[in-house]
Amino acid sequence: MKRDKVVVTRRIPGQALELIEAKAEVYLWDSEEVPIPRHVLLEQVADASGIYTNVSDKIDKEVFDNAPLLKVVSTMAVGFDNIDVSEATKRGIPVGYTPGVLTETTADLTFALLMATARRIVEGADYIRQGKWKSWGPMVLTGQDVYGATIGIIGLGRIGEAVARRATGFGMKILYHNRHRRPEVEERLNARYCSLEELLQASDFVVLLAPSSPETYRMIGEREFSLMKPNAIFINTSRGRNVDESALYRALCDNKIWAAGLDVFEEEPIAADHPLLSLPNVVALPHIGSASIATRTKMAVLAAENLLAGLQGQKLKHTANPEVYDSV
Ligand code: DGY
């Protein structure tokens with residue numbers, strides 16, 4: 001019997017690739033950092049039953065149109081805003097994703113950004129490297145306290161909750177805003193639900209963890225930054241599209257807020273000469289929230305398992321569009 005063909009759009013950890021190769025013919029775009037060119041993707045999906053993708057590929061209607069044999073799309077990510085899920089659903093194609101396995105690692109990175117911006121870690125490291133350190137100075141590189149501060153988490157899903165758990169260890173007061181209240185988390189972590197406006201006005205750290213959707217597009221913009229405290233630190237480890245980056249730049253330049261820690265950008269990669277990167281109070285990272293060796297391996301294996309289940313016509317462990325199973 002002819003084996004299914006799978007397009008794997010990037011080099012992935014060996015364990016995951018071996019799992020797929022045991023069951024299917026693989027076209028691998030074998031690059032660490034360069035995304036599969038669009039024309040190669042469109043050409044390769046023509047006779048493919050599966051696509052194993054990641055956050056940097058756009059899996060849109062054109063891709064689905066070009067892939068008449070497609071049975072499953074599996075992304076090695078918890079976010080699937082790069083995939084036209086409703087187009088997949090119309091065609092009865094399940095979309096796999098990888099929630100859970102990256103929660104703690106992404107929460108760690110979120111907290112690392114929070115600490116780095118508050119205590120000016122990157123500026124301090126540069127200061128030494130550039131030979132600027134003359135002596136201990138009472139006012140040199142003074143930052144903001146984390147311990148005892150107020151953290152406002154926008155989007156209290158798995159990762160938001162894991163960030164809140166870390167915040168309790170720092171004696172922080174926890175506010176959150178979410179689509180729905182989470183009374184159990186409120187009780188367990190002493191977190192208080194509030195409106196977005198109140199959260200923005202009261203928080204020393206505003207942490208954005210909302211998923212990307214048409215509703216959250218640029219949900220943090222000029223008005224939201226103007227509500228924040230002048231000492232506020234803004235952290236985004238969700239998606240760049242959730243923030244108006246020009247408004248963020250202006251808020252930082254006009255001292256409306258104190259600093260920003262960003263792991264995600266509207267355009268990725270962000271241009272090296274982007275104005276935001278010229279500001280010393282911005283700590284910017286190349287979308288590495290889930291990037292520990294162990295976690296990326298777990299994500300890759302889970303995405304492979306989702307893919308193989310889809311090829312075999314079984315339910316995926318995690319499906320972004322469970323409604324594809326409704327009519328079965
Ligand atoms: C995700 O999983 O959605 C991240 O952004 C990539 O780890």
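Start at 1 with the first residue, then count along the sequence. All ligand and atom numbering here is 1-based and tracks the order in the structure. Please read all numbers here as calculations on a predicted model, not as lab measurements.
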Short side-chain donor-acceptor distance under 3.5 Å, Tyr176 and Glu186: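 Yes, because at least one side-chain N or O of Glu186 sits under 3.5 Å from a partner of the opposite role on Tyr176.
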Carboxylate-amine/guanidinium proximity below 4.0 Å for Arg241 and Glu267: no
Contact (N/O only, under 3.5 Å) between Arg239 and ligand 1: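 Checking ligand 1 against Arg239, an N or O pair does fall under 3.5 Å apart.
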For ligand 1, which atoms, with element, lie under 4.0 Å from some heavy atom of [X]?
X	answer
Ala77	1 (C), 2 (O), 3 (O)
Leu102	2 (O)
Ser290	6 (C), 7 (O)
Gly79	1 (C), 2 (O), 3 (O)

Over 12 foreign heavy atoms within 6.0 Å of CD, Glu222: no
Residue that, paired with Phe170, satisfies ring pair (Phe, Tyr, Trp, His ring centres under 6.0 Å) out of Phe205, Tyr147, Phe111: Phe111
Side-chain heavy atoms of Glu224 within contact of Leu200, under 4.5 Å: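 The answer is yes; the side chains approach within 4.5 Å.
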Side chain proximity check, Glu266 to Arg239, heavy atoms < 4.5 angstrom: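 No, every pair of side-chain atoms sits at 4.5 Å or beyond.
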Residue and atom name of the nearest protein heavy atom (relative to atom 2 (O) of ligand 1), distance in Å to one decimal: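 Result for atom 2 (O) of ligand 1: Val78 N, 2.7 Å.
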Heavy-atom nearest neighbour in the protein, as seen from atom 6 (C) of ligand 1, with distance rounded to 0.1 Å: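 It is His287 NE2, 3.7 Å.
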Close approach of Met299 to ligand 1, heavy atoms, under 4.0 angstrom: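 True for this residue.
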